[in-house]
Amino acid sequence: MKILVCISKTPDTTAKIAFTDNNTKFADAGVQWIINPTDEWYALVRAIELKEADASTTIHLATVGGADAEPIIRKALALGGDEAIRINVDPQDSYQTAAAIAEVAKEGGYDLILTGKETIDYNNGAVGGMLAELLDLPYVALATGLQLSGTTATIKREIEGGEETLEGTLPLVISCQKGMAEARIPNMRGIMAARTKPLKVVESSAKPLTVAAEYGLPPAKAGVKLVPADNVDELIRMLHDDARVI
């Protein structure tokens, strides 16, 4: 079986975010980049578990980005990917990302394509569905469990008030969230092996459908106002007149 895992480069959650070029681009200076957590912890690790259960399985990684994404890809290879593909595009929207990956996926003949549920920078959760549409494949979003029996996949996902179990025939596109797998840490053997694993760079003709007109930071939080415990009238006045919540 051939599995393609989509990997995104995202800023660490502790990074200080700023913008440049009239607030139309992220300022990269000083930002620590990591593998998007849901891509790593759930999609990639579940693919590794499937490979451990079937040694004939191969795992390919795909990321869309420039050369600065290669350290991220190498870490994913150290975790357990077999080879990686970097699509040499600076993606401007979810569609361009999905279309670029679709070009690779069409050539690869993959049985299973896994993504994280969303990236932690944009939180769109759109790439998996777009990718499935471009490949004309069934899609299951927000999966919490995946089991394979031959070419039949049994997928669990959370729904309002409960859990849904689905069955489908490979090939499939699945986005993964918490519950799909447990996070792993690369070991030294994996880190050393990752240096020699194939990392292919390809070009893409994919074009964006949208561009960012402007980015902005959320408004600064106001200071905390303390009210003495015995001054209930003042608390009610503040909630009514200042916060306007009652």
Side-chain angles (χ1 to χ4, degrees), residues 4-20 23-48 59 61-81 84-87 89-101 113-132 139-146 157-158 173-186 208-221:
L4 179 66
V5 180
C6 304
I7 299 292
S8 298
K9 180 191 80 171
T10 57
D12 188 276
T13 54
T14 61
K16 185 176 180 180
I17 299 300
F19 306 108
T20 186
N23 292 331
T24 60
K25 293 182 179 179
F26 281 108
D28 291 345
V31 174
Q32 176 67 40
W33 299 99
I34 61 172
I35 304 175
N36 180 55
T38 60
D39 298 343
E40 176 185 351
W41 299 344
Y42 310 131
L44 176 55
V45 174
R46 186 64 187 120
I48 294 168
I59 301 171
L61 312 172
T63 195
V64 183
D68 57 349
E70 292 191 5
I72 301 303
I73 290 269
R74 288 293 178 192
K75 181 186 176 185
L77 287 170
L79 281 164
I85 303 162
R86 179 174 67 82
I87 306 166
V89 173
D90 180 17
Q92 302 300 306
D93 65 1
S94 297
Y95 174 79
Q96 187 177 21
T97 299
I101 296 172
I113 301 175
L114 300 177
T115 76
K117 73 167 186 175
E118 61 187 0
T119 57
I120 61 171
D121 47 5
Y122 288 98
N123 300 111
N124 282 343
V127 169
M130 290 181 175
L131 181 57
Y139 175 58
V140 178
L142 308 178
T144 59
L146 170 64
R157 59 192 297 271
E158 293 178 354
V173 180
I174 300 173
S175 75
C176 309
Q177 67 168 342
K178 184 177 180 180
M180 178 65 81
E182 295 293 332
R184 296 189 182 190
I185 299 174
L209 297 181
T210 61
V211 294
E214 184 179 3
Y215 292 106
L217 294 173
K221 294 182 179 179

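Numbers for residues simply follow the sequence, beginning at 1.
Between atom CD1 of residue Ile17 and atom CZ of residue Phe26 there is a gap of 5.5 Å, rounded to the nearest 0.5 Å. In this structure, Ile7 CD1 and Ile35 CD1 are separated by 5.5 Å, a value rounded to the nearest 0.5 Å. In this structure, Thr38 OG1 and Glu118 CD are separated by 6.5 Å, a value rounded to the nearest 0.5 Å. A distance of 15.5 Å separates CH2 in Trp41 from CE in Met180, rounded to the nearest 0.5 Å.
Aromatic ring orientation, Tyr215 versus Phe19: parallel (interplanar angle below 30°, classes split at 30° and 60°).
In this structure, the side chain of Arg157 engages the main chain of Ala141 through a donor-acceptor pair within 3.5 Å.
Of the N and O atoms on the side chains of Thr119 and Asn36, not one donor lies less than 3.5 Å from an acceptor on the other residue. Side chain to side chain, Asp121 and Thr10 fail the donor-acceptor criterion of an N or O pair below 3.5 Å.
In this structure, Val173 and Gly128 approach most closely via the heavy-atom pair CG1-O, 3.7 Å. Residues Ala143 and Ile174 approach most closely at CB-CG2, 3.5 Å, considering heavy atoms. When all heavy atoms are compared, the tightest approach of Asn124 to Ser94 is ND2-OG, 3.1 Å. Minimum interatomic distance between Val45 and Ala181 (heavy atoms only, all atoms of both residues): CG1-CB, 3.7 Å.
When each of Ser175, Ser8, Cys6, Cys176 is paired with Asp39, the side chain to side chain contact (heavy atoms under 4.5 Å, CB included) condition holds for Ser8 and for no other.
At a threshold of 4.5 Å between non-hydrogen side-chain atoms, the residues Ile87 and Thr63 do not count as touching. The shortest side-chain heavy-atom distance between Gln32 and Pro11 does not fall under the 4.5 Å cut-off. Taking the side chain as every heavy atom from C-beta outward, Gln96 and Leu209 never approach each other to under 4.5 Å. Side-chain contact between Val211 and Asp93: absent, with no pair of heavy atoms (C-beta onward) separated by less than 4.5 Å. Side-chain atoms of Lys178 and Thr144, non-hydrogen and from C-beta on, never get closer than 4.5 Å to each other. Using a 4.5 Å heavy-atom cutoff, the side chains of Leu146 and Leu114 are in contact. Counting heavy atoms from C-beta on, the side chains of Glu158 and Gln177 come closer than 4.5 Å.
Within 6.0 Å of the CG atom in Leu217, the count of heavy atoms belonging to other residues, nucleotides or ligands exceeds 12.
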Exercise for the section: Report the C-alpha separation of Leu61 and Ile85 in whole Å, then their side-chain angles, then the decisive distance to 0.1 Å, and conclude whether the side-chain contact (heavy atoms from CB on, under 4.5 Å) test is met. Expected result: CA-CA 6 Å; Leu61 312 172; Ile85 303 162; over 6 Å; no
Indicate every side-chain donor-acceptor pair of residues 67-77 with a distance under 3.5 Å to a residue at least two apart or in another chain.
residue	atom	partner	partner atom	Å
Asp68	OD2	Lys9	NZ	2.9
Glu70	OE2	Arg86	NE	3.0
Glu70	OE2	Arg86	NH2	3.3
Arg74	NH1	Ala194	O	2.7
Arg74	NH1	Lys197	O	2.8

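For Lys25, the salt bridge (Lys or Arg N to Asp or Glu O under 4.0 Å) partners two or more places apart in sequence, or in a different chain, are Asp21.
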